[in-house]
**Q** 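I'd like to ask some things about the structure below.
Values in this document were obtained by computation on a predicted structure and should not be read as measured data. Scope of the values below: all heavy atoms of this structure, side chains included, with no hydrogens, waters or symmetry mates.
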2 protein chains.
Amino acid sequence: MSRPTIIDVAKRAGVSKSLVSLVMRGAPNVSEEKRQRVLGVAADLGYRPNAVARSLVRQRTNLLGVLLSDLHNPFFAEVIDGIQAEAAERGYRTIIGTGDRVELSEARALDTMLELRTEGLILASPILPMRRIAEASREVPTVLVARGSRSASVDSVANDDTAGAALAVGHLASLGHRRIAHIDGGDGAGSRERRRGYERAMERHGLAGEARVVAGSYTEEGGWKGVRALFSRGRAPSAVFAANDLAAIGTLSALAERGLSVPEDVSVVGYDNTALAAAHHIHLTTVDQPRPEMGRTAVRLVLERLDGKRRAARHLLMPPSLVVRGTTAPPSNAPGKRRSR
Amino acid sequence: MSRPTIIDVAKRAGVSKSLVSLVMRGAPNVSEEKRQRVLGVAADLGYRPNAVARSLVRQRTNLLGVLLSDLHNPFFAEVIDGIQAEAAERGYRTIIGTGDRVELSEARALDTMLELRTEGLILASPILPMRRIAEASREVPTVLVARGSRSASVDSVANDDTAGAALAVGHLASLGHRRIAHIDGGDGAGSRERRRGYERAMERHGLAGEARVVAGSYTEEGGWKGVRALFSRGRAPSAVFAANDLAAIGTLSALAERGLSVPEDVSVVGYDNTALAAAHHIHLTTVDQPRPEMGRTAVRLVLERLDGKRRAARHLLMPPSLVVRGTTAPPSNAPGKRRSR
DNA sequence: CTGTTAGCGCTTTCAC
DNA sequence: GTGAAAGCGCTAACAG
């Protein structure tokens, strides 16, 4: 026996299916008596409204799709907190998909959401090419989170990565560091901006000659490898600005493995200010971006378009701020102290 | 103008809508010429199959719902890796929902998935009461991950939490610790089993008199508060077994704040062996559960029922294993070394 | 308030 | 191979 439908409920309750429909949607003008009867029968039968059928006829799903590039990064969990809160308040449901940093899976997840007819799309740091994203935005309001956009059809809410990187470099420079290296975020969203922000800031502080960027990624492994590249040849830096908190943790790990202590031998700055960075045990100096607020804002941007209140693109840039914790200190000028080469 | 439908494509290509349907589903018996024509028109029009309509008529969605209790815990991200991989291989799409450790939101997320007619449900450490879960399982094959079940209708794949806790205690005891405390996981999934495993193991090692359990949760904060409870009064333990890795990190943080060093003053053991624990900088001794494999297994269990291959419940218990890293060492028997009270 | 009716976009027989 | 027709479960008029 298959699942009960609205018709089964109607028959059993001795009413029309329209009435059942009204009751299920909580319409006001239904007699209390019938409402109770219908609800009772529905419960008996284990009836559950079929969102598929409803969506088809209503031509709307009440669904927002959220695509994450990487479930492993707590940054996204914190953005989602804001997304879910705002979406719930505005009467939208949310489904999450992820591509796990693989373009093909991400594309598949995107297609699934589009086929499911989500009414809006929030893409958090997708690695998908802008072309694909612009295409999606022709079908449904789309907003990019933590990835910049200049597209006229895709809104975005990001933090000012360039300014954030400058904050990190400024802090380190003011502490007296000169050999400040950057482990970048590879092809990750905002990575290029952070890199450029770093480079420009180094110039502004008269440290252009000391600038050094090595390839990394927005993962622990990225930070770990960056340290290997940085310390295996050339002159070792006295401070490292990692692409994000995860990479910073990888950096801390790799440094520990080399017998270098933080912040005595090397200072480290991350980016994002995830809960991880705040954990006292890690206590990472980092650049904060307002993660839940970015999530809420993303939902608002989507709904503005959905409600037809706006056609022009909006590209919001939130100001980042520096959070100084325990992984930064003035450079030690006693080279003998450094145990590793 | 609204979205193009199969009819628009058919008209424009000068064929019937059945033919378009066949082409879109990749049917074999369609002339190459028409196939190309249809595909071309579909691309021109930006046609995208409507999964809502398709699901309604086919009476299947090809969708698996995954409900996570907490996006912030990397444990789940690692389980999801396995889920997505297996689901993709078996031709199923996946949508993720989360309740962020709030029962009401979790219930809502569950309802959304059921209304969307996901064909199977994977619930990772839900905090929902078993009654609600059993109800869901009457609608659709449901499997619990990392939470035990004795239900006849709900399958489960978990690790042997009792055995895992014993592993942790055994390791600590063999190191010479006697005052081994446990910060529990509150009402989290598996928390009770770990607590009982701890208590029994303490007894077996003749340490029943030293056993001490304080309330915590599966979060950093839980570990942090546990330490406060543990060290603010009574005799301080020389080792702490935290409910999971996140709580262990909170434990490490709180210990650091009190000026206690790990493992010199206090040994710490976590649970899960998430990537976090493995990070060299944290380097946490912990109990491993095979996270991605648990995810894959969960998908298999769901599909077994979906394919009608099984009616009896299966409750799988994976063996945990100990991973010794840097946060455990023999107890220091020089009490004067302890700076905090 | 209640029942009837006409689809939503698509798949699936079943003739041709 | 191809097209016509009959719904999937539900909502939204509309007339009682």
**Q** To the nearest Å, give me how far apart CG (A:D8) and P (D:dG9) are.
**A**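 The answer, rounded to whole Å, is 9 Å.
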**Q** Establish, with yes or no, whether the OP1 or OP2 oxygen of D:dG9 is under 4.0 angstrom from a side-chain nitrogen or oxygen of B:Q59.
**A**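 Yes, such a contact exists.
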**Q** Please report, rounded to the nearest Å, how far the P atom of D:dA12 is from the CZ atom of A:R58.
**A**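 To the nearest whole Å, that distance equals 5 Å.
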**Q** Anything under 3.5 Å between a donor and an acceptor, one on a side chain of residues 95-105 of chain A, the other on a protein residue two or more places apart or in another chain? List them.
**A**
| from | atom 1 | to | atom 2 | distance (Å) |
| --- | --- | --- | --- | --- |
| A:T98 | OG1 | A:L68 | O | 3.4 |
| A:T98 | OG1 | A:D100 | N | 3.0 |

**Q** How many whole angstroms separate atom CZ of A:R54 from atom P of C:dG7?
**A** 22 Å
**Q** If you restrict it to nitrogen or oxygen atoms, what contacts under 3.5 Å exist between nucleotides 1-4 of chain D and the protein, and what is each distance?
**A**
| from | atom 1 | to | atom 2 | distance (Å) |
| --- | --- | --- | --- | --- |
| D:dG1 | O5' | B:N29 | O | 3.3 |
| D:dG3 | OP2 | B:S16 | N | 3.0 |
| D:dG3 | OP2 | B:S16 | OG | 3.2 |
| D:dA4 | N6 | B:S18 | OG | 2.8 |

**Q** Can you check the A:L116 CG to C:dC10 P distance for me, whole Å?
**A** 14 Å
**Q** A:R60 CZ to D:dT11 C1': how many Å, rounded?
**A**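 Result: 13 Å.
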**Q** Determine, for A:R3 against A:D8, whether the closest basic-nitrogen to carboxylate-oxygen distance falls under 4.0 angstrom.
**A** no
**Q** Would you call B:R132 and B:E106 a salt bridge, using N to O less than 4.0 angstrom?
**A** no
**Q** Which of the following nucleotides, C:dT12, C:dC8, D:dC10, is nearest to the side chain of A:L56?
**A** C:dC8
**Q** Both A:S21 and B:A53 contact DNA chain D. Taking the nearest nucleotide for each, which residue is further toward the 5' end?
**A**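 Here B:A53 is the residue nearer the 5' end.
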**Q** Please tabulate, for the side chains in residues 38-46 of chain B, all donor-acceptor contacts under 3.5 angstrom to protein atoms that are two or more places apart in sequence or on a different chain.
**A**
none

**Q** Step through the shown structure and confirm whether more than 12 heavy atoms of other residues, nucleotides or ligands are within 6.0 Å of CZ on A:R192.
**A** no
**Q** Choosing from C:dG9, C:dT11, D:dC10, which nucleotide comes nearest the side chain of B:T5?
**A**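 That would be C:dG9.
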**Q** Within this structure, what is the CD1-to-P distance between A:I6 and D:dT11, rounded to whole angstrom?
**A**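 It works out to 5 Å between those atoms.
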**Q** Taking only Lys NZ, Arg NE, NH1 and NH2, and the carboxylate oxygens of Asp or Glu, determine whether A:K309 and A:E304 approach each other closer than 4.0 Å.
**A**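 No, no charged N to carboxylate O under 4.0 Å.
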**Q** If you check every side-chain atom of A:V57, which of C:dG9, C:dC8, D:dA12 has the closest atom?
**A**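 The closest nucleotide is C:dC8.
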**Q** Distance check needed: D:dT11 C1' versus A:R25 CZ, whole Å only.
**A** 6 Å
**Q** Once you round it to whole Å, what is the distance between C1' of C:dT4 and CD1 of A:I7?
**A**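 My rounded result for the distance is 13 Å.
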**Q** Tell me whether B:D81 contacts the main-chain N or O of B:P292 through its side chain, where contact means a donor paired with an acceptor under 3.5 Å.
**A**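 Looks like no, no N/O pair under 3.5 Å.
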